[in-house]
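See structure below.
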Amino acid sequence: MITVAQVIVDVAAYPVDRPFDYSVPAEMTQIIEIGSRVKVPFGPRNVLGFVVAIKNETDVPLEKIKPVSQLLDFEPVLTAEMLELAKWLKNETICYEIDALQVMLPSALRAKYEKIVNLQTDIEVLPRALQEVFRTAPHVNLNVFEKNNLLTELKQALNNKQVSIENIVKQKGKVKEVRKVQITQDVQKLMEIHQQISNRAKKQKQLVEWMQNHAGEVITPEVIYKEAGTSSQVLKSVVELGAAAFVQEEVFRDPFAKEVQKTKFLSLTDEQSSALNQIMAAIDDKQPETFLLHGVTGSGKTEVYLQTIAKVLSKGKEAIVLVPEISLTPQMTERFRSRFGEMVAVMHSGLSVGEKYDEWRKIHQGKVKVVVGARSAVFAPFENVGIIILDEEHESTYKQEDSPRYHARDVALWRAGYHQCPVILGSATPSLESFARAKKNVYKLLTLKDRALKQSLPKVEIVDMRDELKKGNRSMFSQSLVESIHTRLEKNEQIVLFLNRRGYSSFVMCRDCGTVLQCENCDISLTYHRKNEKCKCHYCGYEIHVPKTCPQCQSDHIRFFGTGTQKVEEELAKLFPGARVLRMDVDTTRTKGSHEQLLQAFGDGEADILLGTQMIAKGLDYPNITLVGVLSADTSLHLPDFRAAEKTFQLLTQVSGRAGRHEKPGEVVVQTYTPEHYAIELSQAQDYEPFYEREMHMRHHAGYPPYYYLALIQVSHEDVLMAADYAGKAVEWLRSQLSFKVSIIGPTASGISRLQNRYRYQCLLKYKVEPDLIPTLLQLIKIYRSNWIKKGINLTIDLDPNMI
DNA sequence: AGCACGCCGACT
DNA sequence: GTCGGCGTGCTC
């Protein structure tokens, strides 16, 4: 009897986005399982694949069937649930099945491909240049030839069958290793070597002498440098002489570097216990119910999560907690670790590939029962999930921006259905979609109106910057804000200043002709960075020095405009000379861990003012913060996005929540040019429901979610005409296929009409219920993939886009 | 996607 | 005559 494995191969392309049948060699039949990774021959090369089914017959002619060449996992890496979820994702987000499978695994388990050139004949028959390369070994990585410019010679040798090229599959993830030095056991040999070394090489002699006393030991190079008083150069020479050898030794990453103090349950308010009881009931009844936990900032949502998790754990089940990447601070994760100790795994982008792999393995092997992580943690390979929690449910980071374009909330709901467990969506400012569902009783609404410690919400003052301008105040600080800052500085309390920078960064302009420095590849003005006097494109990374004269008119009246954090920092220094300011933006948080360090420093009182962009809006919870200033509330309001008002309201509410979370009362100053806008007005009292009503009305009027679903189709090409032409073709085709109930808007040029030298057009579909939509879009993708792709067109479909 | 096969123009 | 351009088609 033949055993056949159906394999999804690691090739993201339309014609191969289906299972291929492979025969399973006899020695593998007992151990191969669904969800295992395998190496398989595919056409002329070898690729990685996932076993999605095992059966005993096949429709494929036997002569076509090749055998699996290697089984990579003794334990399958994907469960049956994940394979099913991948199929759902493929259809739901229109992506390749392989992409859906890969996104569920840590990148360490993905494949790395290399090409190896094998020598097939005697080395002497080769041209000189090639002989050099093969001198050390008969198998050489192809990139060595590329580096040495030997591709022509290599091609020749290939034609003459003197060498062959082999595709090999490697694992990306590796066990962490350190380089150590193994000193030879043979003292005699060390003495011989000592003899050989010329008397001029004093350091080398010294090192070998030292080695004679440490024969056979394995030591790190650093220790040797220190003890023998040598350098890496000397050690290298001595190793070449054969006195010692470099070896790799495995070490294990220590995830729990610091012990945490266990904490106990906090007592709950009536609102909290009522919410908790309802969730507990759903857990007991194994109901896949979705709860929307709507609680003002500081109302103690986290404590509800913690006690829910305790309940789930007591039932022997596991819990998944999702938080937005940006608020995944040590402060947040500490709370979970301090309650559940070593039962917790943490997953976020700050971890190295290896660390992520280690955390994933802890989940996979059942060593932990709780995972706290960003978006991708929704795929945590638990097999008995008891609860899934999405904190800050409205955050746009829960949607992945590239393929597979999934939303963690949708995946969570799917998994909850599979495991028959509840989901908690928590937020102070729920997304309109979720709140609308709660109103329609699709989700169960749980409300926490009061702050847990009964602190009053901070007093919010809205300052009309137009009045300031009339008063002759042209700075970016209103009089009121300046006064408030002074007061706090005197009282030694802390201040957070928030600069809503999106689309409002510094640019460089010529004052004579008005030319603004633009990116060469994108239709975007360059952002000025004072630190290195450079102008940078935030989309493609293009960078130039600030020119001395205008490239258009050669005038030297060239200067930068706009309000970046750096500029605010300078002005702060002028206004408050003694104040210690910490700046947090992309520039100061680039390196790993710097984000945490800065927050820690601020928490420890090392600065008076924290100045930053979006990234400081969340998770910041220090008792000494009593003033929050929003420098320009409206910048996010005027973005060409139907969610602009919602985003602004969320942001202002979120930021205001940073002040006065503990004993000291908080104050918030919001500066704006449009104080009459409802998003700003209603954020003053953190009045969610009135805002919800207003905004829903707008959405209804304009035909946006949650009343309609959206699909965004983007077409790009190096040539404007081609991009426009094919965007038109796509729209034309969709019009002919879809019913009149779907409104098709476009094609129009995208918000950023050129990115990385590609012109971009888009078209927006609005629809209510349209069963034919997905199949029609799949058809469009088919047309694109079979014909348009060759012409250099790039087409993407984003269902439920975040931004338009 | 990547790679081989295969059919036409410009060179040793 | 051969080398190499890239159009076409297949991958279990």
Side-chain angles (χ1 to χ4, degrees), chain A residues 1-26 28-29 32 34-72 83 90 94-103 110-118 127 141-143 145-146 150-170 172 402-404 716 718 778 781-797:
Chain A
M1 189 171 67
I2 180 176
T3 308
V4 174
Q6 290 206 294
V7 175
I8 299 283
V9 291
D10 180 17
V11 179
Y14 173 68
V16 293
D17 188 25
R18 62 187 172 87
F20 283 83
D21 288 6
Y22 286 87
S23 65
V24 179
M28 272 183 222
T29 52
I32 199 164
I34 287 175
S36 295
R37 292 171 310 145
V38 286
K39 268 190 219 174
V40 290
F42 192 66
R45 60 216 161 110
N46 286 300
V47 296
L48 182 122
F50 292 91
V51 178
V52 293
I54 294 171
K55 42 181 201 172
N56 288 315
E57 86 267 293
T58 173
D59 305 329
V60 183
L62 280 175
E63 68 275 10
K64 275 188 144 186
I65 298 238
K66 292 179 189 172
V68 170
S69 50
Q70 198 187 338
L71 180 62
L72 290 168
L83 297 178
K90 172 182 181 177
I94 313 189
C95 69
Y96 299 118
E97 198 164 340
I98 187 68
D99 283 342
L101 291 167
Q102 302 260 36
V103 80
R110 284 177 213 163
K112 195 176 127 192
Y113 297 96
E114 273 177 17
K115 288 178 177 175
I116 299 294
V117 183
N118 293 321
N141 200 312
L142 181 70
N143 58 37
F145 294 88
E146 275 172 50
L150 292 169
L151 289 181
T152 342
E153 289 85 349
L154 183 67
K155 177 86 194 188
Q156 278 285 311
L158 201 59
N159 286 346
N160 297 339
K161 303 248 186 303
Q162 292 161 334
V163 297
S164 66
I165 292 183
E166 188 187 2
N167 291 287
I168 65 159
V169 186
K170 275 196 168 176
K172 255 193 196 160
D402 42 51
S403 174
S716 75
E718 287 177 6
L778 282 172
I781 279 269
K782 204 167 177 174
I783 298 172
Y784 150 67
R785 282 166 180 165
S786 52
N787 289 309
W788 301 1
I789 201 164
K790 287 177 224 151
K791 302 195 168 77
I793 293 280
N794 188 25
L795 181 146
T796 58
I797 295 178

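Just so it is clear: chains get the letters A, B, ... in the order the sequence lines come, proteins before strands, and each one is counted from 1.
Of the residues in residues 41-52 of chain A, A/Pro41, A/Phe42, A/Gly43 come within less than 4.0 Å of DNA chain C through at least one heavy atom, sorted by number.
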Intermediate values then yes/no, side-chain contact (heavy atoms from CB on, under 4.5 Å), A/Arg110 and A/Asp10: CA-CA 9 Å; A/Arg110 284 177 213 163; A/Asp10 180 17; over 6 Å; no
Run A/Val68 and A/Val51 through side-chain contact (heavy atoms from CB on, under 4.5 Å) and show every step you take. CA-CA 10 Å; A/Val68 170; A/Val51 178; over 6 Å; no
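Judged by distance alone, with hydrogens and angles left aside, the side-chain atoms of A/Tyr784 form no donor-acceptor pair with the main-chain N or O of A/Thr796 at under 3.5 Å. Judged purely by atom type and a 3.5 angstrom limit, A/Lys170 has no side-chain atom pairing as donor or acceptor with the backbone of A/Glu114.
Using a 4.5 Å heavy-atom cutoff, the side chains of A/Asn56 and A/Thr3 are in contact. Between A/Val11 and A/Ile98, every side-chain heavy-atom pair lies at or beyond the 4.5 Å cut-off.
Every residue was checked against the ring pair (Phe, Tyr, Trp, His ring centres under 6.0 Å) condition with A/Tyr96, not counting sequence neighbours, and none meets it. For A/Pro41, the side chain to side chain contact (heavy atoms under 4.5 Å, CB included) test picks out A/Tyr22, A/Asn46, A/Lys66, A/Ser69, with sequence neighbours left out. Residues that satisfy the salt bridge (charged side-chain N to carboxylate O under 4.0 Å, His left out) test with A/Asp21, not counting sequence neighbours, are A/Lys55.
With A/Val38 as reference, A/Val7 is the one residue of A/Val7, A/Leu48, A/Val169 to meet the side-chain contact (heavy atoms from CB on, under 4.5 Å) rule.
From the 5' end on, the contacts that DNA chain C makes with chain A at under 4.0 Å to a non-hydrogen atom open and close at C/dT11 to C/dC12. A 4.0 Å heavy-atom criterion places the boundary nucleotides of DNA chain B facing chain A at B/dA1 to B/dC3, written 5' to 3'.
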